[in-house]
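This report refers to the structure that appears directly beneath it.
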There are 2 protein chains.
Amino acid sequence: MTTTQVDQRVSLAVSTVIFALRPDPSTGRQTLWLPLVRRIREPYEGKWALPGGPLEAHEDLAASARHTLERTTGLGDSYLEQLYSFGAVDRSPDRVVSIVYWALVRPDEDARAIDGENVEWFVADDVPDLAFDHDDIVRYALDRLRAKITYSPIAHAFLADEFTLAELREVHEAVLRKSLDPANFRRQVLAGRTIEPTGTCLTGTSHRPPALYRAAARPEEIAR
Amino acid sequence: MTTTQVDQRVSLAVSTVIFALRPDPSTGRQTLWLPLVRRIREPYEGKWALPGGPLEAHEDLAASARHTLERTTGLGDSYLEQLYSFGAVDRSPDRVVSIVYWALVRPDEDARAIDGENVEWFVADDVPDLAFDHDDIVRYALDRLRAKITYSPIAHAFLADEFTLAELREVHEAVLRKSLDPANFRRQVLAGRTIEPTGTCLTGTSHRPPALYRAAARPEEIAR
DNA sequence: CCACTTAGAGTGAAGATGACTCTAAGTCCT
DNA sequence: AGGACTTAGAGTCATCTTCACTCTAAGTGG
């Protein structure tokens, strides 16, 4: 029962899948991107991994995820939600359980992003072979995001405070990777009462000015 | 930064919300019950708490939850799913993060249940004041169960291998605490293709014998 | 053999969904 | 100035789903 007491402890890490919408380099259309960190020590030295770190004794889980977000992108204010906890015995040479969050970064924040040490962004559906079980985690996060956007108003989290219906639709299209009918999308979203008109219109477009909307309730309040 | 190194470590526990359907003592209708364990040491000595324990270095998260199930009820084979991880700094005097699973116990299993040490069952919607943040956890589990049963075939997990549509409906009614139209329930469930007829009927009823069904796919495969 | 109970099929109104058309309100070009 | 162009946003209609309800089927118990 008692071999080496040192390696017997289970350690706890918090990792964060940070999603932002940026143009696809080939098609030019908006797609999901995420930042990865190159590992600078064993195990998996040289491989890409999700940003994260050990949970400090004085910080909450979400706070740890927020610190990771800050360290990786320089950003602070983003939607954050717990995704899942991964704890298979063999997922790492040393026993570590990872509690994974996801962050959805707004475009106005994303514009100010400054990559941290050894950080590089990748198209979320086309990441390289990752360290540990991080491939599984990214896939799981994508599945969940695509499922959740259809029944929950998280799409707001990818937008600034005020936005047009076209922008909201573009978020859905980018996440789901398919185009949606503008008229039907409008009807459905308005029926859901999750957004409300600000009363103003966006000006400066080369066509009819679209109305601006804001979120009627913060997405946090409409968790699953 | 460094005060007492001993208390600085974060420890990890796995707790399990074990749900079973049993008759309500007052109304006699099926309701959700769960077992709690009386704490025999500080903190919260004497209070009721969710069953669980520290994560052992050699066991997976789900395995730990399964051990808790075994220790608490004597049962082994039940549906098990990860619920959420709770890690607020102040949820316990010593810093502990709890990864919470839920188990759904089938009636044939439940009949064989043997309560462990200091274990007592309670109506899930009427639990006493619990230790730590376990009140929140129970509430969260109930919310999730009620939400999930409407779009996922987890209700099977509360039934034996073969069951009638009336039994499946009773599970839904017990969880949601409202009665459902038998005819519409039948149509919806059959349209979902999640169950298939065994070809046999249940006999011995004092009325028309109902057809028996089985799950078409294990609920595990239809996670969210 | 008739009353009673639950199984399971069917019906019609109301609501949601999806493909599509049409008008509104701007800018850009000539 | 005026027409072409673009996107906003309302409206139409057929189809599908949902829900409350009715009706017949098939057993048991008196």
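Fair warning: this is a prediction, and the values are worked out from it, not measured in the lab. Every chain is numbered from 1, with letters handed out A, B, ... down the list of sequences. Worth knowing before you read on, the calculation uses all heavy atoms, side chains too, and leaves out hydrogens, waters and symmetry mates.
In this structure, A/L202 atom CG and D/dT7 atom P are separated by 14 Å, rounded to whole Å. Going from atom CG of B/L190 over to atom P of C/dA7 covers 13 Å, rounded to whole Å. Distance, B/F185 CZ to D/dC19 P: 13 Å, rounded to whole Å. Put simply, CZ on A/R169 is 9 Å from C1' on D/dT7, counting in whole angstrom units. When rounded to the nearest whole Å, the span between CD of A/Q188 and C1' of C/dA19 equals 13 Å. If you measure from atom CG of A/L212 to atom C1' of D/dA8, you get 12 Å, rounded to the nearest angstrom.
A side-chain contact (heavy atoms from CB on, under 4.5 Å) with B/V119 holds for exactly one of B/I114, B/L36, B/T72; it is B/T72.
Aromatic ring centres of B/Y44 and B/F132 lie closer together than 6.0 Å. Ring to ring, A/Y79 and A/H156 are not that close: their centroids are 6.0 angstrom or more apart.
Classified by interplanar angle (parallel below 30°, tilted 30° to 60°, perpendicular above 60°), the ring pair B/Y84/B/Y140 is tilted.
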Taking distance alone, no hydrogens or angles, what donor-acceptor pairs closer than 3.5 Å link side-chain atoms of residues 16-29 of chain B to residues at least two apart or in another chain?
unit_1: B/R22; atom_1: NE; unit_2: B/D110; atom_2: OD2; d: 3.1
unit_1: B/R22; atom_1: NH2; unit_2: B/D110; atom_2: OD1; d: 2.8
unit_1: B/D24; atom_1: OD1; unit_2: B/S26; atom_2: N; d: 2.8
unit_1: B/D24; atom_1: OD1; unit_2: B/S26; atom_2: OG; d: 2.5
unit_1: B/D24; atom_1: OD1; unit_2: B/T27; atom_2: N; d: 3.3
unit_1: B/T27; atom_1: OG1; unit_2: B/R29; atom_2: N; d: 3.2

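Salt bridge annotation for A/E120-A/R38: absent, with no cationic side-chain nitrogen under 4.0 angstrom from a carboxylate oxygen. Under a 4.0 Å N-O distance rule, the pair A/R186/A/D181 does not qualify as a salt bridge.
Side-chain nitrogen and oxygen atoms of A/R186 include none within less than 4.0 Å of the OP1 or OP2 phosphate oxygen of D/dA8.
B/S98 and B/R91 share a side-chain donor-acceptor pair at under 3.5 Å.
Summary for the helix from C/dC1-D/dG30 to C/dT30-D/dA1: the axes at its two ends, each from 5 pairs, differ by 10° when rounded to the nearest 10 degrees.
As judged by a 4.0 angstrom heavy-atom cut-off over every strand, A/A191 is placed among residues making no nucleic acid contact.
Pairing each heavy atom of B/T73 with each of B/P35, the nearest pair is CG2-CG, 4.3 Å.
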**Message:** Treating primed atoms plus P, OP1 and OP2 as sugar-phosphate and everything else as base, which nucleotides of nucleotides 20-30 of chain D get B, S or - for protein heavy atoms under 4.0 Å?
**Reply:** BB---BBBS--

